[in-house]
Amino acid sequence: MLGPGDVRLPFLGIAICLFSRASTGLWAAEQAAVDAAIQRGRTHLVQQIKPGVAGNLGLYALVKLGFDKQDSAVQRAVKTIEERIVDGSYSPLQHHFYEAGIALMLLEAISGETHRHLMEPIVAFVIANQRPNGAWFYPTVVLPDSGDTSITQYSLLGLWAAVRAGIEIPNQVWENAARWHITRQASDGAFRYHP
């Protein structure tokens, strides 16, 4: 049974229903404005992208969201990656395996089939630099049994992208990486950057 103060509840429900019906047409009329705002935001983001690891990661996200793969920013990124390959060998700049992993992810997202010839030297670089313990680490640091969980993650994400592009990765690479992660897991179940 409704009390005197509860009379407003049915009115609130009616108001919501009426607003919903009225706003449906309003939303449809504003969809063009929403689409235009999204396009302006996308254009602004692309203009902010600088060549390099962070820029390639941003482009990767945009391409995965349906951004035009033929856009000049995407094509510039591909050209920059291509310039890192000399005489069939990949030579990243300062971010090593982050750069390699993200380059593989971006190339596969654009077209793994088209860019397979660029991906193969990057894959060779990543595999050649896996530590004997199964991890990846900064190439200039020589520490026994060293590894970095974040660097290893990006190396593996890049190799996974290569698999999606049809490039075969030796099983031993996966097994070594899995063993490293399993044996380095902390007693609380967490993983550390440098276990």
Side-chain angles (χ1 to χ4, degrees), residues 35-131 134-143 146-165 167 169 173 177 180-181 184 190-195:
D35 291 343
I38 290 170
Q39 186 57 44
R40 284 192 309 274
R42 187 180 283 177
T43 301
H44 176 74
L45 286 173
V46 171
Q47 290 171 347
Q48 303 307 307
I49 291 175
K50 308 260 186 294
V53 177
N56 286 352
L57 185 58
L59 284 172
Y60 171 71
L62 288 171
V63 166
K64 292 299 277 186
L65 290 170
F67 187 69
D68 181 9
K69 297 173 183 179
Q70 300 306 314
D71 185 86
S72 60
V74 174
Q75 295 310 308
R76 274 193 310 276
V78 171
K79 184 162 178 41
T80 301
I81 293 168
E82 189 172 18
E83 290 168 355
R84 306 300 325 142
I85 301 168
V86 178
D87 296 328
S89 292
Y90 176 73
S91 179
L93 294 170
Q94 69 202 39
H95 297 289
H96 312 290
F97 304 109
Y98 289 112
E99 183 177 343
I102 292 169
L104 288 168
M105 292 162 55
L106 177 60
L107 291 170
E108 186 273 330
I110 296 167
S111 173
E113 185 177 319
T114 302
H115 298 301
R116 185 175 172 150
H117 69 288
L118 298 176
M119 295 176 75
E120 288 172 340
I122 302 171
V123 167
F125 166 80
V126 172
I127 290 173
N129 285 284
Q130 185 179 29
R131 301 272 167 132
W136 282 266
F137 200 60
Y138 300 99
T140 56
V141 177
V142 182
L143 291 172
S146 58
D148 181 292
T149 304
S150 179
I151 293 171
T152 299
Q153 170 193 357
Y154 273 88
S155 297
L156 291 170
L157 287 170
L159 293 177
W160 184 27
V163 168
R164 292 193 304 272
I167 298 172
I169 307 299
V173 172
W180 183 77
H181 277 289
R184 300 313 190 278
F191 293 90
R192 312 284 185 253
Y193 268 98
H194 301 142

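In this chain, numbering begins with 1 at the start of the sequence shown.
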Min side-chain heavy-atom separation [X]-[Y] under 4.5 Å:
X    : Y    : result
H194 : F137 : yes
I151 : H96  : no
Y154 : F97  : no
K69  : T114 : no
S150 : Y98  : yes
W180 : T149 : yes

_Could you check whether any side-chain N or O of H115 sits under 3.5 Å from a backbone N or O of E113, counting only pairs where one atom can act as donor and the other as acceptor?_
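Side chain of H115 to backbone of E113: no pair is present.
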
_Would R184 and T152 count as a side-chain contact (heavy atoms from CB on, under 4.5 Å) here? Give the steps._
CA-CA 12 Å; R184 300 313 190 278; T152 299; over 6 Å; no

With a 3.5 Å cut-off and sequence neighbours excluded, list the donor-acceptor pairs that the side chains of residues 77-87 form with protein atoms.
unit_1, atom_1, unit_2, atom_2, d
T80, OG1, R76, O, 3.0
R84, NE, S91, O, 2.8
R84, NH2, S91, O, 2.9

Closest non-hydrogen atom pair, [X] against [Y]:
X    : Y    : answer
A165 : G112 : CB-CA, 3.7 Å
A135 : S146 : CB-O, 4.1 Å
R131 : L143 : NH1-O, 3.8 Å
K64  : A109 : CD-CB, 3.9 Å

_As an exercise, state the distance from CD1 of I110 to CG of D68, rounded to the nearest 0.5 Å._
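Rounded to the nearest 0.5 Å, the CD1-CG separation comes to 10.5 Å.
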
Sequence neighbours left out, cut at 3.5 Å: what donor-acceptor pairs do the side chains of residues 122-130 make with other protein atoms?
unit_1, atom_1, unit_2, atom_2, d
N129, ND2, F125, O, 2.8
Q130, NE2, G134, O, 2.9
Q130, NE2, V173, O, 3.1

